[in-house]
Amino acid sequence: MGGCVSFQISCDQVLNHAGSYLCGEGNYIQSLEKNLVALEKAMEDLKAKRDDLLQNVQIAEEGGLQRLNQIQVWFTRVETIENRFNDLYNTRNVELERLCFCGLCSQNLKLSFWYGRRVFYMLKEAEDLKSNGVFEVVAHQTTQLVVEERPLQATIFGQETMLERAWKHLMDDGTEIMGMYGMGGVGKTTLIAQINNKLRSTSCGFDVVIWVVVSKNLQVERIQDEIAEKLRLNGGEWSQKDESQKAIYIHTFMRKKRFVLLLDDIWRKVDLKKIGVPFLTRENKCKVIFTTRSREVCGHMEVDDPMEVQCITEKDAWDLFQKKVGQRTLKSHAEILGKARKVARKCRGLPLALNVIGEAMACKKTLQEWDHAIDALTSYAVEFAGMEDEILPVLKYSYDNLKGEQIKSCFRYCTLYPEDYQIDKDKLIDYWICEGIIDGNRGRERAVNHGYMIIRKLVNAFC
Ligand SMILES: Nc1ncnc2c1ncn2[C@@H]1O[C@H](COP(=O)(O)OP(=O)(O)O)[C@@H](O)[C@H]1O
Ligand SMILES: [Mg+2]
């Protein structure tokens, strides 16, 4: 007997199972054919209803209204059930072939039972959705001005006059498009962000204010997607549209709105028509503002009187630098103040350099460290010519100050992203681990924590 197992399945048990599959409350097997036909019909009605509603919603949206959230939820539910129905329908023939005795029984009771059950419940769900899909109103007017607040650094020095000038120019009835240019790090993004925030806090009669970071790699469709997201036009069907359909959709919506479009950091001409931005006229009072490093780009955008964003004055630069270094360090030795002035002057009024170097010097409390900084900034500077290039040594000094090859590699990795790009911390750390910059062999949690520590150090060093 050793090694043998005997099975004893009672006849009662088998009959009980079969009985419950055949005569259970749903009677799913016997009603399968009938329920399938009913489900097909219900889905057909539901889809037709969805298409009609969608058409109404699109007409309303083109008229500048916004679809109701409850309609969007209903559309999503219909889409989900449609996908599930397609899956179910794919195996329809196989399931029907399994039936025997005129559809009263099945060659595989268990499979037919579960399939029949799915059909039964989906039919109920489709009918419920159909009866819930009655909407007297599909969209509503958005009365509030949609402006996202842009984050700004707490202490901004020496931009009040520039901001005032830019604002006055923008509000002038004759200004339709406005360009601001200046070298990298001079404060263009900061200035246009202040304009954005001012539009947010001041009622100027605009319906929408849209902020888009363009950057070097200009892609019309990406700009369209960002605009659509801000205007909440990117519902279900949006992703299926091509570039020109998206342009038409944006155009029909924006045509009815008084808008301001802020384009930060453009590197070449942006074809507004291609994006779908309506023509700017004195009558519609819509405006476009952009920033760029190049004056030439302003010409290509047909701006004859662009505004130059200039470095801040020596006095403002000194105030900013002191703020960044902190009084504790500046007063830690009688001679540091004088040396700090020299370092600040090396930054040539460029806010980016003042911020970066100021942060780097905040913890330097010995005269040797300050002498070394002046030395380094002076000797690198010899290798470069011109204002823009003189800033490089300033930034290089800050980079050299990062302790260790690993953090430097992590920093260099960040330069692969476009300027002003919102970098996802977790993804960035994953990339660092995948690239082998951070050792992932000693446990993921440990590597991720290490990644967070590096991010903190980088932020402290450069922001
Ligand atoms: N006037 C200012 N005062 C203080 N910090 C500033 C000022 N302008 C710019 N910054 C800071 O300098 C850095 C570079 O400014 P940003 O506006 O991004 O320059 P740009 O867009 O011209 O490259 C940012 O960290 C910003 O917060
Ligand atoms: Mg910028």
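For ligands, and for the atoms within them, numbers begin at 1 and follow the listed sequence. Source: prediction; values computed, not measured.
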Exercise. With respect to atom 20 (P) of ligand 1, which of Gly185, Ala353, Pro351 exhibits the smallest heavy-atom separation?
Worked result: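 Residue with the shortest heavy-atom distance to the ligand atom: Gly185.
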Problem set entry | Ala154, Gly358, Gly187: member with heavy atom nearest to atom 19 (O) of ligand 1 | Gly187
Which atoms of ligand 1 have any heavy atom of [X] under 4.0 Å away?
X: Gln153; answer: 4 (C), 5 (N), 11 (C), 25 (O), 26 (C), 27 (O)
X: Phe157; answer: 1 (N), 2 (C), 3 (N), 4 (C)
X: Asn355; answer: 5 (N), 6 (C), 10 (N), 11 (C), 12 (O)
X: Met183; answer: 22 (O)
X: Ile156; answer: 1 (N), 2 (C), 3 (N), 4 (C)

Exercise. The Mg ion (ligand 2) to Thr291: any N/O/S contact under 2.8 Å?
Worked result: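 Here the distance criterion (N, O or S atom, under 2.8 Å) is not met by Thr291, so no.
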For this session: Any side chain to side chain donor-acceptor pair (under 3.5 Å) involving residues 165-177? Give me the pairs, sequence neighbours left out, ordered by first then second residue.
Result: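 Passing the test, one end in residues 165-177: no pairs.
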Exercise. If you count the non-hydrogen atoms of other residues, nucleotides and ligands that lie under 6.0 Å from NZ in Lys285, is the total more than 12?
Worked result: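 No, not enclosed.
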Problem set entry | More than 12 heavy atoms from other groups under 6.0 Å of CD on Glu405 |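 Yes, enclosed.
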For this session: For the residue pair Asp265 and Trp267, confirm or rule out a side-chain donor-acceptor distance under 3.5 Å.
Result: yes
For this session: Could you verify whether a donor N or O on one side chain and an acceptor N or O on the other, from Gln153 and Asn355, lie under 3.5 Å apart?
Result: yes
Exercise. Hey, is Gly158 one of the residues with a heavy atom under 4.0 angstrom from ligand 1?
Worked result: no
Exercise. Can you find a non-hydrogen atom of Gly184 under 4.0 Å from ligand 1?
Worked result: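 Judged by the 4.0 Å heavy-atom criterion, Gly184 does count as contacting ligand 1.
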Exercise. Does a side-chain N-to-carboxylate-O contact under 4.0 Å join Asp225 and Lys246?
Worked result: yes
Exercise. Is the shortest side-chain N to carboxylate O distance from Lys315 to Asp319 below 4.0 Å?
Worked result: yes
Contact partition for [X] relative to ligand 1, non-hydrogen atoms under 4.0 Å:
X: Lys188; result: both
X: Leu320; result: side chain
X: Thr190; result: both

Exercise. Do Phe411 and Tyr399 have their ring centres less than 6.0 Å from each other?
Worked result: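 Ring-ring flag for Phe411/Tyr399: true, centres closer than 6.0 Å.
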Exercise. Does any N or O atom in Arg293 lie less than 3.5 angstrom from one in ligand 1, N or O only?
Worked result: no
Exercise. Can you name the residues that form a side chain to side chain contact (heavy atoms under 4.5 Å, CB included) with Tyr452, not counting sequence neighbours?
Worked result: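 Applying side chain to side chain contact (heavy atoms under 4.5 Å, CB included) to Tyr452 gives Lys425, Asp426, Ile429, Val448.
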